[in-house]
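Quick notes on the structure that follows.
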Amino acid sequence: MTSLAASGPIAIASPAERDGDSLADRVPAWALSLAGIVLVFLAGNRGGTALLAWVAPVPLALAAVRLRGWRRRLVLLAVCAAALSLQSLKMVTPPVAAPFALLFGVPLGALVWLTLVLWDAIRRHAGAAWSILAFAALTALGDVIGFALSPAGHWAAFAASQSDNLPLLQLASLGGLGFVGFVMALPAGAAAALLASSAPDRPWRTSIAAATIVVAAHVWGSLRLDAADAGPTVRVAAVTVDFPEPLTSMEDLRGNVDVLFARSELAARRGAELVVWNEVATLVEPSQEAALLARGADFARREGVDLVLAYGVVVSSAPFVIDNAYVWLGTKGETLERYRKHVLPPGEPSLRGEEPLRVLDRSWGRAAGAICYDYDFPALARAHARGGAGVIALPSSDWRGIDPQHTLMARVRAIEGGMSVVRAVRAATSMAFDPYGRVRASLSAWERNERVMLATVPTAQVRTVYASLGDAPVVFAALALLGGAAAAGVRRRLDRHATRSS
């Protein structure tokens, strides 16, 4: 028996629980845990190395093999929570405070821990080969649970680190983030299975098949991106403005409205047919809202453009609460839609919108809108796609710690729904994407510029499997694989029982 001193401060599993001469068995559990924390920290969020996300789960999975028993499982839970909290800490820059990292990191760490515990149980009972498929299936289910049921949305997905891997992200048009996470998890599951198994039991064939699927996914995605653009386009503009620093009163914002309309006029003169302001581009008292909308209607009518006028109405000063909304004005100055933000990030002092989603018929195509965090949740964007929207206006507001990752997440909604997305962002990077997630324009808030981004985007929706079927196919496939693994585990147990009886 290996002594506690030899394994470091975290005890290893008993001899009956170990896998013999596996490579992972030679590494102390504390070293595996530390490696997992470091890799997860480096892989995601601001300054993340996306390539590391493909291997970051491996040491944590091997630690799960070593840390069995309820006490050791609690240690593993603490390790996972620490890893995800440290990764989330990289998003913390003013005005966000450090506790934000725990708010995201601890629940996400618990979800990763549950995946690892279930994976280890499947590996022991069903075998190493099945564990590769099970790891991918559990990751996909965890992703769907994370972005569908948790307040973290897209941030809870394994694929959140791959915002620049456009060929891989094309899989989202078939099965959403869950399918992307499934394919991403195959190499990690294979590596963990190989390292945790003794030489005669290493699942080389399944591992090679997993690698082949990853290569095939990238090839398919590259071919899809090679598709020729066809159909009509519209010229769009994102107009952004900064809040005065420091913001001490409503009087400080009086100049914002003049700046916004001046920049909108510049966009219109450069050919924009749709002008989108950033989220809460200005704040007004309830008594001032009508005057702002009247000015916006006059501008839209005079310039012959659609104007998505995003602003906040102060509902209460103590506590501070706003009505975070936009009004979509047509070319005749008419109000086409008033939309209130539907999904609020933790702590945002806004009223929650509950109005049904709308898709608007415009002269250049069908369009819809949402506000910032709304599009961290695939279900809302999928509803727009099912309504036939081809162009999405997305007023947004971010901070340094999530720039440009948060904007790049919106490209996944574009791919999932086959829609163009125009994300106008305060204090971060504005971008416009086509239905394949390709960047049509980009404008940083961290340099001197006019704060007016112009782009030409397709107006026709590209039909996708995901827009039609949602997450159901991935969920059913994952459950089927886990069912197969459970059946394999039962067969192995019966075979062992039969061998003992004979």
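In this chain, numbering begins with 1 at the start of the sequence shown.
Looking only at distances, a side-chain donor or acceptor of Q461 sits under 3.5 Å from a matching main-chain atom of A385. Proximity of a side-chain donor or acceptor of T93 to a complementary backbone N or O of G401 within less than 3.5 Å is detected. With hydrogens and angles ignored, the 3.5 Å screen pairs no side-chain donor or acceptor of R423 with any backbone N or O of F433. Side chain of S287 to main chain of E285: no donor-acceptor pair is present (N/O by atom type, distance under 3.5 Å, no hydrogens or angles). The closest donor-acceptor contact from the side chain of R451 to the backbone of A445 lies under 3.5 Å. Side-chain N or O atoms of R411 include one that pairs as donor or acceptor with a backbone N or O of S163 at under 3.5 Å. Of the possible polar contacts, one joining the D403 side chain to the T429 backbone as a donor-acceptor pair under 3.5 Å is found. Counting only distance, with no hydrogens or angles, the side chain of D143 and the backbone of F158 share a donor-acceptor pair below 3.5 Å. In this structure, H342 contributes its side chain and E355 its backbone to a donor-acceptor pair below 3.5 Å. One N or O on the side chain of Q162 and one on the backbone of A50 form a donor-acceptor pair closer than 3.5 Å.
Between R295 and D298, no side-chain nitrogen of the basic residue sits less than 4.0 Å from a carboxylate oxygen of the acidic one, so the salt-bridge criterion is not met. A salt bridge does not link R340 to D374: none of the charged side-chain nitrogens sits closer than 4.0 Å to a carboxylate oxygen.
To the nearest 0.5 Å, the span separating CG on L394 from OH on Y326 amounts to 9.0 Å. One distance of note links CE of M431 with OG of S442; it measures 4.0 Å at 0.5 Å rounding. Remark: R352 CZ to N324 CG distance equals 12.0 Å, nearest 0.5 Å. Here D376 contributes atom CG and S396 contributes atom OG; the two are 9.0 Å apart, rounded to the nearest 0.5 Å. The CG atom of L292 sits 9.0 Å away from atom CG of L260, with the distance rounded to the nearest 0.5 Å. Put simply, CZ on F261 and CG on L307 are 6.0 Å apart, with the number rounded to the nearest 0.5 Å.
Side-chain contact between S468 and R463 is absent, with no heavy-atom pair separated by less than 4.5 Å. Between D226 and L223, the closest side-chain pair of non-hydrogen atoms is not below 4.5 Å. In this structure the side chain of L141 reaches within 4.5 angstrom of the side chain of L479, judged on heavy atoms. Inter-residue side-chain proximity for E416 and S173 is flagged as unmet; no heavy-atom pair is nearer than 4.5 Å. Counting heavy atoms from C-beta on, the side chains of V40 and L86 never come closer than 4.5 Å. Looking at heavy atoms from C-beta onward, R426 lies in side-chain contact with D242 at the 4.5 angstrom threshold. The shortest distance between side-chain heavy atoms of T456 and R235 falls below 4.5 Å. Counting heavy atoms from C-beta on, the side chains of C80 and L116 come closer than 4.5 Å.
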Verdict with reasoning, L84 to V106, per side chain to side chain contact (heavy atoms under 4.5 Å, CB included) = CA-CA 7 Å; L84 272 297; V106 173; over 6 Å; no
request  = Evaluate the criterion side chain to side chain contact (heavy atoms under 4.5 Å, CB included) for residue pair L108 and V112; output intermediate values, then yes/no.
outcome  = CA-CA 6 Å; L108 296 184; V112 171; 5.7 Å; no
request  = Decide yes or no on side chain to side chain donor-acceptor pair (under 3.5 Å) for D471 and Y466, but give the supporting numbers first.
outcome  = CA-CA 7 Å; D471 299 299; Y466 185 72; 3.0 Å; yes
request  = Any chance you could lay out the side chain to side chain contact (heavy atoms under 4.5 Å, CB included) test for M184 and N165, step after step, and finish with the verdict?
outcome  = CA-CA 11 Å; M184 273 192 71; N165 191 343; over 6 Å; no
Verdict with reasoning, Y375 to M409, per side chain to side chain contact (heavy atoms under 4.5 Å, CB included) = CA-CA 8 Å; Y375 256 48; M409 286 179 175; over 6 Å; no
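The aromatic rings of F100 and W399 stand perpendicular to each other, their planes meeting at an angle above 60°, with 30° marking the opposite boundary.
The nearest pair of heavy atoms linking L469 to R386 is C-NH2, 4.0 Å. Closest approach of L166 to G437, counting heavy atoms only: CD1-O, 3.8 Å. Among all heavy-atom pairs drawn from V214 and W54, the shortest one is CG1-CZ3, 3.8 Å. Taking every heavy atom of both residues into account, A297 and L329 meet most closely at N-CD1, 3.5 Å. R362 approaches W328 most closely through the heavy-atom pair NE-NE1, 4.5 Å. Nearest heavy atoms, R301 versus G333: NH1-CA, 3.8 Å.
For the ring-ring contact (aromatic ring centres under 6.0 Å, His included) condition, the pairs that include at least one residue of residues 402-431, sequence neighbours left out, are W155-H406.
Residues satisfying the side chain to side chain donor-acceptor pair (under 3.5 Å) criterion with R263, sequence neighbours excluded, are absent altogether. Not counting sequence neighbours, the partners of P345 by the side chain to side chain contact (heavy atoms under 4.5 Å, CB included) test are K341, E348, Y373.
Shown here is R302, whose CZ atom has more than 12 heavy atoms of other residues, nucleotides or ligands within 6.0 Å.
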